[in-house]
Amino acid sequence: MPSNKARYVTACQQLLTLGLVLAALTPAASVVSIDVVHQAPLNTPTSLAAYARATTATSVLPATVVDPVVTEYALTPPSGASGKLIASGLQARVVAGGAGAGGSKLTSVPQKVTGYGAVGVTWQHGLELAESDITVQVRTETDSAWTSWMPVQYDAEHGPDPRSDEARHARPGTDALLVGNVDGVQVRVTTPNGAPPPDLKLAVIAPGEPATTKVEAPEINTRELDEAAGDGPVEEPPVEDPATDPATDPAIDLQAATYTPKPVIYSRAQWGADEKMRDKSSLHYFEVHAGFVHHTVNANDYTEAEVPGLLRSIYAYHTKSRGWSDIGYNYLVDRFGRIWEGRYGGVDRPVVGAHTLGYNDYAFAMSAIGNFDIKKPPAAMVQAYGALFAWKLSLHGVDASSPSQLVGSKAFPAVNGHRDAASTACPGKYLYAKIARIRQLAAAAQRGWAGRELESDLASTAHPDLIVRNATDKMGYIIPTGGLTAFAPGKSVATGFAGVDTVVASPDLTGDAKGDLLVRAKSGEAGVMPGAGDGTFGDPVKKSDLFAGYELITAVGDLDDDGNNDVVARAGGTGRLDVFLGGGSGGFVRQELGQGWGGYNRLVGAADLTGDGEPDLIARETGGKVWLHAGGAGASLKTRTQVAGAWKQFDTITGFGDFNSDRVPDLYVRRTSDQMGFVLPGRGGGTFGHPLGPIVRTKDTYGITAAPLVGGGGADLVARRGDAILVLQNTNGFDTGRPIATGVNLSTVNRVLNAGDWNRDGFGDIITRETATGTLHLRLGNGKGAFAAPKAIASGFSKVQLLAAVGDMTGDGWPDLMGQPAGSDMRIYPGRGVDGLRSGYVAAGRVTASRQIPIGRYNTDGAPDLLFRNGSQLLLYPGNGPGGLTGSKTLSLNLTPYDWVIGISDIGLVGHADLIVRDKASGYLYLVPTTPTGFGKRRFIGDGMGAYDLAG
């Protein structure tokens, strides 16, 4: 891979882990990304300075687990309870009609509070009340003085999704209200339309006091995440932490992939979470398509040291009183701008929470600690939202500025307030007013996901390649691709040629080593338009009527070996072929070449097709047979030989030179029926290979001819449309090149993976799996087809099926592997360059397939996707997050004819990953291009592939 293909690291990658304080980030209008297209460019600078300062500070934290204490007081009996139960133990009195006709008002017995307390009220499982059906208020006592009654927020939309495992035992109730350091608490419950709900309980939570404290920085640096907590590896290799980081190591300066700045987060352990309180079996993952902003609706005057206790109180209330499996929010942020890990399972994973009823499976949430109906959020808090949402959405391939993301069955912007999804005041009027700003900050901070693409280039060009094993000698070879044989759109280089009946492109006719055009007017006057070498031409020189009355005029090259190029033509109405010997200045001398040429309707100058150093002619009979007239010594032609093929179908046959960059002359033909063009690659000896194409750019043109006219070496096309002359420049690409011997013996391996740029040095690498031991070996490439000695990076992979190199699925800048241990689920194995692999974790459930096929971004969002082969079917599993996959769907591509199906990076470097397939009967290699809506028509790109038995 050339150096200009190397990925660059933006300076802002060091934003948080190095403690940098940024005064401002780049305005969104100047963010350059080939993947993220923001809906509305922003003109104001997006400052994260306040948040950056918060990331450099340390905090006083509990040194060990701290157990909160939840005390629940029964306020009403459960449904169907016995009279004895009703008569005893209740800690409240009910006044019938206290809220009006038919209503009731319940007041609890005052209860003691220990520590920085919190309270909440819950009621019987399954009884869902509208917010207008119940009002809960609280008052507190300090030093024998009671406060006035304050509302306790009840939001029916806070909770796990209906029909989820978590919802089956969840209790409805209010949010937790953090009442602080008070002596006592009392609640009042008003139900205007009936009796209070059954099994009503008051929960009083004491967060607990840590035995010892410590002063620490945030524990989770999201640039250095290890495996998702709690999701242990299966058959994992022992690996060490990496010695270097792609964003900071000077040895690989400016070589790692570009990715969004990553925040730092205080871990659950740092706020003293007792992991025994949560329901471990309920942890599950799904998808992230958007994020929601919440608030906790408590006092805003807490101190930094009190925040861990607040989190423990919320955690205890959610798990012990509400019956949830864990704290409901994925993240929380305090008024100082510090971000805290919420629900367990990995901050970079699509953990399903209990925050936004009906949308938890498809979104994440961060809750602001405080009540932002009564107070404006501090700048550090708002900026923390921007940083966290930029990173989290980027992980899951979501553009933070997207106005429409499918979240379940409904479309939302990528960044939302809770009230956007439900009838709720959350996240408070003042924080909700900042949603646009949060969206703006997140969009400006995102840097796209160019580095997350599947990478497949190993040698020769920046285009993808295959690594294959020869079935006979078991040696490794690279099959390079070069962007396909193609031509640029036609460029008009001259107009006003309605009076011209002939235009012939030719190698140099004027002595300046640049291709020229021979043009003849209908009057019979002809002249040479000298080429400038850039596809433009000067006025005709050496004009004469020498070509008057001639037909089938064609360039032929240097037929008489005098160093000047010549032209041949048939005298009209005769069978005589004449050669016009060039003098090197645009003039010619006419000489008879031979008789018996009357039966042809096409003459084609084809350069040296036979490889003997002499220029040759191709001639087609009226009946369709094609003959090769090989050039002889001097201005002569040898006895003709027939060329195999169905040639009558073409309305165009032209040379002159190499069209597919293999240094062998080819022909360009166009099919009469549909005007599709093809290159017939020369194979030497006057034979041609399988057509390459189709090429559509010559549709609706006429008079097509070819010669090297623009710098680059390949033959360009010249065509006419109306009175204009068009030049279609050869892109100098190729479909597949000659195999490159790597010198790598692959006789002991059963899997060879094109790993992309595994160590981020700018060159593609390969990984092999040993048949006997399952050891994975990394071989670093030099970009020229050679590889370093193998280095073992993992062991124990013998039984890992569907193993594939999948690009950067985790979004950390390093390519990854994915596979499925026998009898287990699909797992992601995060890469760490030459340091091997991190421990893996589950990316999706068990996949039934015979082959995993990385595809990069098939569905055009930011997260890499995967395809799997299941018999003749192709299954798509869209990516959604660091290794996560969404549900599969079958694609309309029949794989029956193919024994290879290989995902590659974009062969044309235009934004869509592609597939390469091998026809098992013929050994032909085909490109199956992806499109925004599926797959395009397959295109032949190579033959002779039956010689290989492994490919990657």
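Values below: all heavy atoms of this structure, side chains included; hydrogens, waters and symmetry mates excluded.
Proximity of Asn730 to Val710: side-chain heavy atoms (C-beta onward) are nowhere separated by under 4.5 Å. Inter-residue side-chain proximity for Asp457 and Pro464 is flagged as unmet; no heavy-atom pair is nearer than 4.5 Å. Between Ile725 and Phe537, every side-chain heavy-atom pair lies at or beyond the 4.5 Å cut-off. Looking only at side-chain heavy atoms (C-beta outward), Pro665 and Asp658 stay at 4.5 Å or farther from each other.
Under the side-chain hydrogen bond (donor to acceptor under 3.5 Å, both in side chains) criterion, Asn732 pairs with no residue at all, not counting sequence neighbours.
In this structure, Phe656 and Gly605 approach most closely via the heavy-atom pair CD1-O, 3.3 Å. Tyr702 and Gly722 get closest at one heavy-atom pair: OH-O, 3.0 Å. Asn601 approaches Glu621 most closely through the heavy-atom pair OD1-O, 3.7 Å. In terms of heavy atoms, Arg590 sits closest to Leu546 at NH1-O, 3.0 Å. Across Gly582 and Asp566, no two heavy atoms sit closer than the pair N-OD1, 2.8 Å. The minimum heavy-atom distance between Asp465 and Pro480, with the atom names listed, is OD1-CA, 3.1 Å.
A donor-acceptor contact shorter than 3.5 Å is absent between the side chain of Asn754 and the backbone of Leu466. A distance-only check finds no donor-acceptor pair linking the side chain of Thr510 to the backbone of Gly586 [under 3.5 Å]. Looking only at distances, a side-chain donor or acceptor of Asp616 sits under 3.5 Å from a matching main-chain atom of Thr610. Of the possible polar contacts, none joining the Asp545 side chain to the Gly524 backbone as a donor-acceptor pair under 3.5 Å is found. Side-chain N or O atoms of Arg520 include one that pairs as donor or acceptor with a backbone N or O of Phe547 at under 3.5 Å. With Gln675 contributing its side chain and Asp700 its backbone, the two residues share a donor-acceptor pair below 3.5 Å. Between the side chain of Asp516 and the backbone N or O of Val528, no donor-acceptor pair lies under 3.5 Å. Side-chain N or O atoms of Thr731 include none that pairs as donor or acceptor with a backbone N or O of Ala488 at under 3.5 Å. Using modelled atom types, no side-chain atom of Asn660 and backbone atom of Phe734 make a donor-acceptor pair closer than 3.5 Å. Between the His463 side chain and the Ile907 main chain, a donor and an acceptor come within less than 3.5 Å of each other.
For Asp651 and Arg670, the salt-bridge test passes: some basic side-chain N is under 4.0 Å from an acidic carboxylate O. Here Arg939 does not pair with Asp914 in a salt bridge; the nearest charged N to carboxylate O distance is not below 4.0 Å.
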Could you walk me through whether Arg738 and Tyr477 pass the side chain to side chain donor-acceptor pair (under 3.5 Å) test, one step at a time?
CA-CA 10 Å; Arg738 295 179 180 177; Tyr477 293 84; over 6 Å; no
Arg938 and Tyr924: side chain to side chain donor-acceptor pair (under 3.5 Å), yes or no, with the steps?
CA-CA 11 Å; Arg938 74 176 189 177; Tyr924 285 171; over 6 Å; no
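Atom CG of residue Leu692 and atom OG1 of residue Thr736 lie 8.0 Å apart, to the nearest 0.5 angstrom. To the nearest 0.5 angstrom, Leu637 atom CG is 7.0 Å from Leu577 atom CG. Separation of atoms CD1 (Ile766) and OG1 (Thr742) is listed at 6.0 Å; rounding is to 0.5 Å. Distance check, rounded to the nearest 0.5 Å: CD1 of Ile653 to CH2 of Trp647 gives 6.0 Å.
Geometrically, Arg570 does not engage Trp597 in a cation-pi contact defined by less than 6.0 Å to the ring centre and at most 45° from the axis.
By the 6.0 Å contact criterion, CG on Asp674 is enclosed, its count of non-hydrogen atoms from other residues, nucleotides or ligands being greater than 12.
When ring centroids are compared, Phe487 and Tyr668 come within the 6.0 Å threshold.
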